[in-house]
Structure formats: C-alpha cells, structure tokens
Amino acid sequence: MRLSQYLMPTLKETPADAEIVSHQLMLRSGMIRKVAAGIYTYMPLGLRSVRKVEQIVREEMDRAGCLEMLMPMVIPAELWEESGRWDQYGRELLRLRDRKDAQFCLGPTHEEVITDVVRNTVKSYRQLPLNLYQIQGKFRDEIRPRFGLMRGREFIMKDAYSFDLDSDQADISYAKMYDAYQNIFRRCGLNFRAVEADTGNIGGSFSHEFMVLADSGEDAIVSCDACDYAANVEKAQLRQPEGRCPMPELELEKVETPGQKTVAEVAEFLCIQPQQMLKTLLFETDAGAQVAVVLRGDRELNEIKLCRKLGCNEVQLVDEATVEVLSGAPCGFAGPIGLSCPIFADNEVAMMADCVAGANVVDTHYRGVNYGRDFAVSEFADLRQAEAGDRCPRFECTGTLQSWRGIEVGHVFKLGTTYSEALGATVLNAEGKDETLVMGCYGIGIGRSVAAAIEQNHDANGIIFPMPIAPFQVLITLLNPKEAQVAEAGETLYRQLQDNGIEVLLDDRDERPGSKFKDADLVGIPLRVTVGARGLKEGVFEISWRSSGEKMMVPMDEALQWLVGQVGEAMQKFTQVTPSTQSTRK
RNA sequence: CGGGAUGUAGCGCAGCCUGGUAGCGCACCUGCUUCGGGAGCAGGGGGCCGGAGGUUCAAAUCCUCUCAUCCCGACCA
C-alpha cells in the first residue's frame, strides 16, 4: 500500500477526551474515529490490526475443532423471553421494534440464538461434541462506556458455544478452549495470565478470565508467588485464619469520639491501628433483607462473596436514614453490639480481641470489644477482598499473593444446562433417551485485544506493534520521493517485498523527513526501511526495528532476503503453540 | 443512575468574570524556497460559539431548560 493513496489521518496532538494511552494512540495514529460514546469507526489501518487478531482467533478455533458460523445481530424478543432474560437483562439490552411493532433486541451475547439453532438441528449424541463460534459485532448499552475500544457499546467479539452430552465431556471442551486461548493470546504477542474468575450473572459452574497485565487494567487480580494459583480478586478465596484468638484483656468501655466517623479518623483519634478496629457495614439485598457485615477495620468487603453467602444477586449499602433506624445512630457509629439485624462477619473477626467498634450511639465507640463475650454473629464467612500479602489459598502451598491490574480480553465459562434446559435443547443418547445438552461459552474481545496490545507495547513516540498483529509488517520511508534514484530503489524493494508475501506500506508522500519519521514511530510498524540518497551512495538501506530503535545498514541486494527472514522469524517467535494436550486444568 | 467537569474551525486551545462586528497554534489550499526527526516566507479557504427559549438596543459572553461528551463509582469481552 502506498501511503500517498491511503487514508491514515494521524494527529499531532492528543484528543482531549482520550484518557488512556491505547485510546490516545489509536486516535492519533488514525486507527479509529469516534462516532458516538462507545461507538467507533475502524479506519483502514485499525481494521488491519483487528483483522489480524480475528485471523489468529479463527485459526486457533478451527485448530481446536470449532466451526465458524454467523448469527444475526437483531434477535426477536421471543427467544429471550424463553430463556427468561428479556425481563432479567435490564437496560444494557438495547430493545427495538420493527414496523409491525414486534419487539427485538440487539444481541449482546448469543446463548439463546445458538441454543435455538442447536435444538432444531442436533438430534443425536453422535453429532457431539459440537463447538460453534462467530466473530461479530455485539451491542451492550453499557452504563459507562470508556477508554475507546476498551469498553465500547458496540464491539467486535468472538463468541463460541460448546455442546456436550454430559458434564465430563463438557470439561474436555472447556479445557480445549482454555488451551486454544493460551495459543491465541500468545500469538497476539500479549503478556497475559489466565485467572480463576467469578461466573457473574451469566451463571455456570466455573470460569477463567484471560487477563492482559497492564497498570491501566480495570480488573484487580492476585497470583501466588510460589504456585500457579491466580484469580480475579472478585473470586479469590482466602484461607481460614490460623492460630487461636487471643484472650480478652480489656473490659468493654464506651469512649467519646465526637465527629470521628471513618475507620481512619477513629484510629487516629484513639491512637490505635485500623487493624484493631471492627468495621460494620449495613446492607440491603435485592430481596429486601437487611444485614450487617463486620470486617477488620483495614479490610475491604467483597460484595460478590457477600451476595453468594446471602444467596442474592445484589447488595447495596443502606441510605443514611436506614442506618439511623437500624443502628440508632447516624452514619459512622455502627457496631456489632446490640444490632437487631443479622450479623455476618468475616472469618478474620473471630481472631480479633480487644477491638474498637461503633457503639450505635452518636459520637461514641466501644473499646475492648470481644466476639463471644460482647456480641454474637449469625455466621462467619470468607467475605473480604484478597490483597497482596495474603497467604495463597491452596491448601498445600506456602506462597504469598501478589496483586496486579489486568485487562480482561477473554473469558471461558462452563455454563452447564442453564440455557439448554430453558430452551429444551436435548439429544438422544445411546439408549435412545432424551439428554439435556451441557454447554460452555467462550468470549474474546477482538478490539479490546488490539487496545490491550497497544497498552502493553508503546513508548513516548507511539505504538510498538508486535509483528503478528501489526497493520503492516514493513514500512518503507522514501526520504525524498522526488529524487529518481530514491524513488526507484524504494519502489523496487516495495514490489519485491510484496511479491514475497510481506505486508508493506510505502511512505511515498511528498512530506518532509521529520513528519514521516514521526508518523512511522506513531503508527508502530515493526520494521522500517529508510531510503535516502545518503544510503544509496553507499549501496545500503538503513533498516531499523521500531521496538529497539536499533539501526542496521543492509546492502541493497541483500535487503529483500534479510527482511523476509526477519519478518518470518518475528512471526515465528509468537507462533509456537501448545500442542493440544487437553489441559487438565479447570 | 449518583458525584465532578467540559462543549468556540478537522485537532489543541484563548475569548466569557466586566455583553459591543469571533481569535491563536497545528492541519488544509496556492506559490516560491527548503528537504535525515513534526521547515520558512507570502497569500487563501473554512464557524448557526452544542441546541432551544429568555433578558437586552445588542449575547460566544448573563439567566432557564435541554442535548452531547469526558472523568470517578456499581456491570462486562
């Protein structure tokens, strides 16, 4: 491709509404343009990277035995009513009506459609296992789209759905996808980690997320420094605290703490550590129940664990008026002693003696609070968020957890029979009896993967694309295309590279060298050939890697072979693939 | 949906407080000179100042409403 005939609208300045570096660089390099909040046009350059990722995904899915298909984006309401999600899904589902006033939605995910197809076309266990996938635009009316392609409302997703006769075989399908995902993200040149994940409201029995490690990531993950345990903090279990609770030494005593409401304020006011405090939070569930949660003062509650414990979908901190009703005091003075609602305490609380806690009286706390002697709890449970420094939850492991930020680029779920049951997707087994299909679903955010790669591979001057997903592999910069020799040498190399299957962009624009170099760095094509009168005099091309800046003078007649070799090698580096060992991991 | 902010040329911004004929840099077009890290000079085009209503002789500027966008929280690829 000749840049003089291409559309690559680079920007010298960073658009004001782009916050994170991948969003900024994708806009500046002319890869994407915004159409509305969370809705983007893929420009020619951006689309090339997107297609590269898609192709890697396609190859690995096909290798794993999956079949590509394409489902509609517009889905009739009836299907969603059958699964019950028409009413459950909420405002994130964009609903619309046709001219006959029939209701539809834009598909945010396709369990219903695929299950409908499979129940109508698959009748025998002999047709299993089956794994069907598509690469398609999805629409989710996100509450808050942000960070460019990172969280769009319309986005390109690969979604796959597996169907098996029983749970064990579904586990095999799951493991195959787990392995395929390892290959995919490795081939994309990403530094990633598979972590145990919460199954969220899609339901199902277990799942892993594939996280690209990046400080700008929206997810917090923990991993063990000794074994291969890694999990989203939402999911990370904590082991039961060990040892014995110290004996109480202090009598229960009221102390005045005027205006001291937060843990930090009270701790400072009483000259104690937050670890000696009990934090009491009052929640209301979506079922209307009211509960208190007690944690060590310096810990964070994991609301997902609380929901699981309470068997509800959602909990919310109660408003100030309700705090007064429940505790008898304004916000900031709640404590476990004398509370009327059920109290759920984190396991750690049972190990604490002589604590400070709210007294349920304005401007007052208790000192010398001891579980058992002074208050009772309805139940102890693992309720707090895992943190760096916590012990690895694996029983036999002595390691310590470290924490990271991650960008979720893929998610694999074992779904079970939720959808197959709701839609009646069954096959006949070997005995001729109906058997409900066991499903799995597997997603990859395509655009997000490109953004994540940029998040991980850039410098102050721009993007540094990993070879496998770079929009072009080689950039030829003609320093002065008006000089016949320069133009001729560049054009010749350009044609030769193309003939050898190299994706090459020729910067033949009538621009000054400075602009061309700046654009080259911004756009981040891995290899750059600089063609100028200076080098031609010596009979060499100057070739440099975008990643290292390392410059090499390569004789003109060797350049073609050299470049073809380097591109091949760079692609190869990422292409080593785990053989389909059917990982036993779950 | 709650909290915060911003809408002026394709991009980045000034002007607004204290109403008076819309400006700067980059980009774009023409010409000349330049040409190894975002050139110089000269000339030029481009704006319903997000939208609607109001106050006023007069509104980018003041008031009201609205829409859009961005950031922080709960959802997710």
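Letters go in sequence order (proteins before strands), and every chain restarts at 1.
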When the distance from [atom1] of [X] to [atom2] of [N] is rounded to whole Å, what number comes out?
X        : N      : atom1 : atom2 : answer
A:Leu27  : B:rU69 : CG    : C1'   : 13 Å
A:Arg528 : B:rG37 : CZ    : P     : 11 Å
A:Ile143 : B:rC72 : CD1   : P     : 14 Å
A:Asp519 : B:rG36 : CG    : P     : 17 Å
A:Ile39  : B:rA77 : CD1   : C1'   : 16 Å
A:Phe541 : B:rG36 : CZ    : P     : 18 Å
A:Glu154 : B:rA77 : CD    : P     : 17 Å

**Prompt:** Picking from A:Leu47, A:Leu25, A:Ile463, A:Leu149, what satisfies side chain to side chain contact (heavy atoms under 4.5 Å, CB included) with A:Met31?
**Reply:** A:Ile463

Checking all strands, does [X] fall into the base, sugar-phosphate, or nothing category for heavy-atom contacts under 4.0 angstrom?
X        : result
A:Gly90  : nothing
A:Gln316 : nothing
A:Glu542 : base
A:Phe147 : sugar-phosphate
A:Gly532 : base
A:Lys138 : nothing
A:Arg509 : nothing

**A:Glu234/A:Asn302 under side chain to side chain donor-acceptor pair (under 3.5 Å): CA gap, chis, key distance, verdict** = CA-CA 7 Å; A:Glu234 291 176 348; A:Asn302 182 326; over 6 Å; no

**Message:** Looking at B:rG38 and A:Phe517: do their rings stack (centroid distance under 5.5 Å, interplanar angle under 30°)?
**Reply:** no

**Request:** Walk me through it: do A:Asp215 and A:Arg405 pass the test salt bridge (charged side-chain N to carboxylate O under 4.0 Å, His left out)?
**Result:** CA-CA 5 Å; A:Asp215 290 338; A:Arg405 303 295 298 179; over 6 Å; no

**Request:** Please report the C-alpha distance between A:Asp459 and A:Arg546 in whole Å, then the side-chain angles of each, then the deciding distance to 0.1 Å, and finally whether the salt bridge (charged side-chain N to carboxylate O under 4.0 Å, His left out) criterion is met.
**Result:** CA-CA 10 Å; A:Asp459 64 16; A:Arg546 174 64 180 90; 2.8 Å; yes

**Asked** Does the ring center of A:Phe210 lie less than 6.0 Å from the ring center of A:Tyr178?
**Response** yes

Between [N] and [M], how far apart are the two [atom1] atoms, rounded to whole Å?
N      : M      : atom1 : value
B:rU18 : B:rG51 : C1'   : 27 Å
B:rA58 : B:rC67 : C1'   : 27 Å
B:rC41 : B:rU34 : C1'   : 11 Å
B:rG43 : B:rA60 : P     : 29 Å
B:rG3  : B:rC28 : C1'   : 41 Å
B:rC49 : B:rA9  : C1'   : 10 Å
B:rA74 : B:rA68 : P     : 24 Å
B:rA14 : B:rU61 : C1'   : 14 Å

**Message:** At under 4.0 Å between heavy atoms, how does the protein contact nucleotides 2-14 of chain B? Give one character per nucleotide, 5' to 3', with B, S or -.
**Reply:** ---------BSS-

**Message:** Counting distance alone, no hydrogens or angles: does the base of B:rC76 have a donor or acceptor under 3.5 Å from a partner atom on the side chain of A:Arg151?
**Reply:** yes

**Request:** Record whether the side chain of A:Arg91 comes under 3.5 Å of the base of B:rC75 through a donor-acceptor pair of N or O atoms.
**Result:** no

[X], nearest nucleotide to its side chain (from [options]):
X        : options                : answer
A:Ala37  : B:rC70, B:rC71, B:rA77 : B:rC70
A:Phe413 : B:rU69, B:rG36, B:rA77 : B:rA77
A:Arg146 : B:rA77, B:rA27, B:rG73 : B:rG73
A:Asp521 : B:rG36, B:rG37, B:rC75 : B:rG37

Hey, could you give me the [atom1]/[atom2] distance between [X] and [Y], rounded to the nearest 0.5 Å?
X        : Y        : atom1 : atom2 : result
A:Ser162 : A:Leu415 : OG    : CG    : 7.5 Å
A:Glu154 : A:Leu106 : CD    : CG    : 8.5 Å
A:Leu506 : A:Gln5   : CG    : CD    : 9.5 Å
A:Leu310 : A:Phe283 : CG    : CZ    : 9.5 Å

Find the partner of [N]: check Watson-Crick (N1-N3 plus N6-O4 or O6-N4) and G-U wobble (N1-O2, O6-N3) distances, both under 3.5 Å, and reply none if neither fits.
N      : answer
B:rA68 : B:rU6
B:rG73 : B:rC1
B:rA22 : none
B:rU30 : B:rA42
B:rC62 : B:rG54

**Item:** Most 5' of A:Arg534 and A:Glu408 on RNA chain B, judged by nearest nucleotide
**Value:** A:Arg534

**Request:** With RNA chain B as reference, determine whether A:Gly535 or A:Phe210 sits nearer its 5' end, using the nearest nucleotide of each.
**Result:** A:Gly535

Under 3.5 Å, which protein N or O atoms sit close to an N or O of nucleotides 31-35 of chain B? Give each pair with its distance.
{"unit_1": "B:rU34", "atom_1": "O2", "unit_2": "A:Arg512", "atom_2": "NE", "d": "3.4"}
{"unit_1": "B:rC35", "atom_1": "O4'", "unit_2": "A:Arg512", "atom_2": "NH2", "d": "3.4"}

Should the ring pair [X] and [Y] be called parallel, tilted or perpendicular, given that the plane angle runs from 0 to 90° and is split at 30 and 60?
X        : Y        : answer
A:His23  : A:Tyr40  : perpendicular
A:Tyr174 : A:Phe206 : perpendicular
A:Phe185 : A:Tyr181 : perpendicular
A:Phe472 : A:Tyr6   : perpendicular

Would you tabulate the nitrogen or oxygen pairs shorter than 3.5 Å linking the protein to nucleotides 45-50 of chain B?
none

**Asked** Which residue, A:Lys12, A:Arg509, A:Arg28, forms the side chain to side chain donor-acceptor pair (under 3.5 Å) with A:Asp519?
**Response** A:Arg509

**Request:** Could you give me the CA-CA distance, side-chain angles and deciding distance for A:Glu68 and A:Arg58, then say whether salt bridge (charged side-chain N to carboxylate O under 4.0 Å, His left out) is met?
**Result:** CA-CA 8 Å; A:Glu68 185 171 6; A:Arg58 198 168 271 129; 2.8 Å; yes

